[in-house]
Amino acid sequence: MTTLKQLWTLRSLAKMSDDEFRNLCYSFSQKESTKDLTPDQRDQVKKKILLMYPQLNVSPSKQISKKRSLTKKTDGVFVLPSALQKDHAKALLDNLLKIGPSGITLDTQSIRMYKKSFQKLSRFEVQGVIESLKGMIKRYQLASSSSSDPSNS
């Protein structure tokens, strides 16, 4: 079943003028508005446009195949974290240690979260560690700003 949106997209791809398109629709429905086309009439208009402009037909062999994005468990493939991610995690940890003394390291955080060493994490797990470090930094900053703010007491 063809939608109006698809018809208007076909019209623009075919570079038909608005009048040409409306006349074509009128020839099937005898009504002024394209909104009044029935589903069967919309299908007929689509077929007619495709007959008039064969370059719009996309054969199944020419269709674009979408590539799957990598997930955590893509066919046993281990996705390595980038050097940028590792550097970012180390910089966040340094900031966290400057704000408040805590005995946290990248290894202790990764073991706490994923039960494995930081060096053995995938890029998705490293991103999880990064996000947790960001959250810790925010909490430390909120706690230190609220405790040093005299207007709150």
Ignoring hydrogens, what is the shortest heavy-atom contact between [X] and [Y]? Give both atom names and the distance.
X      : Y      : result
Pro81  : Ser122 : CD-C, 4.1 Å
Tyr114 : Phe124 : OH-O, 4.5 Å
Leu121 : Val126 : CB-CG2, 3.7 Å
Lys120 : Glu125 : O-OE1, 4.4 Å
Ala89  : Leu133 : O-CD1, 3.6 Å
Ile111 : Ser117 : CG1-N, 4.2 Å

Using 0.5 Å steps for rounding, measure from the [atom1] atom of [X] to the [atom2] atom of [Y].
X      : Y     : atom1 : atom2 : value
Thr9   : Leu4  : OG1   : CG    : 10.5 Å
Tyr140 : Lys98 : OH    : NZ    : 15.5 Å
Gln41  : Thr2  : CD    : OG1   : 12.0 Å
Ser132 : Leu96 : OG    : CG    : 9.0 Å
Leu50  : Gln55 : CG    : CD    : 9.5 Å

Any pair with a residue in residues 29-53 that passes salt bridge (charged side-chain N to carboxylate O under 4.0 Å, His left out), sequence neighbours left out, goes on the list, sorted by first then second residue, please.
-> none
Under the side chain to side chain contact (heavy atoms under 4.5 Å, CB included) criterion, do Arg11 and Leu24 qualify, and how do the steps go?
-> CA-CA 11 Å; Arg11 180 199 75 84; Leu24 180 64; over 6 Å; no
Sub-3.5 Å donor-acceptor pair from the side chain of [X] to the main-chain atoms of [Y], do we have one?
X      : Y      : result
Glu131 : Gly128 : no
Gln85  : Arg123 : yes
Ser110 : Leu106 : yes

With a 4.5 Å heavy-atom cut-off, do [X] and [Y] have their side chains touching?
X     : Y     : result
Trp8  : Thr3  : no
Tyr53 : Leu10 : no
Leu92 : His88 : yes
Leu7  : Leu37 : yes

With sequence neighbours excluded, residues passing salt bridge (Lys or Arg N to Asp or Glu O under 4.0 Å) with Arg139 =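 Arg139 satisfies salt bridge (Lys or Arg N to Asp or Glu O under 4.0 Å) with no other residue.
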Residues which pass salt bridge (Lys or Arg N to Asp or Glu O under 4.0 Å) with Glu20, listed by chain and number, not counting sequence neighbours | none
According to a 4.5 Å side-chain heavy-atom criterion applied to Ile, Leu, Val, Met, Phe, Trp and Tyr, with indirect links allowed, do Phe28 and Tyr26 form part of one hydrophobic cluster?
->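 As far as the 4.5 Å side-chain criterion goes, Tyr26 and Phe28 are not connected within one cluster.
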Do you know which of Val129, Ile137, Ile104, Ile130 makes side chain to side chain contact (heavy atoms under 4.5 Å, CB included) with Leu93?
->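 Option passing the side chain to side chain contact (heavy atoms under 4.5 Å, CB included) with Leu93: Ile104.
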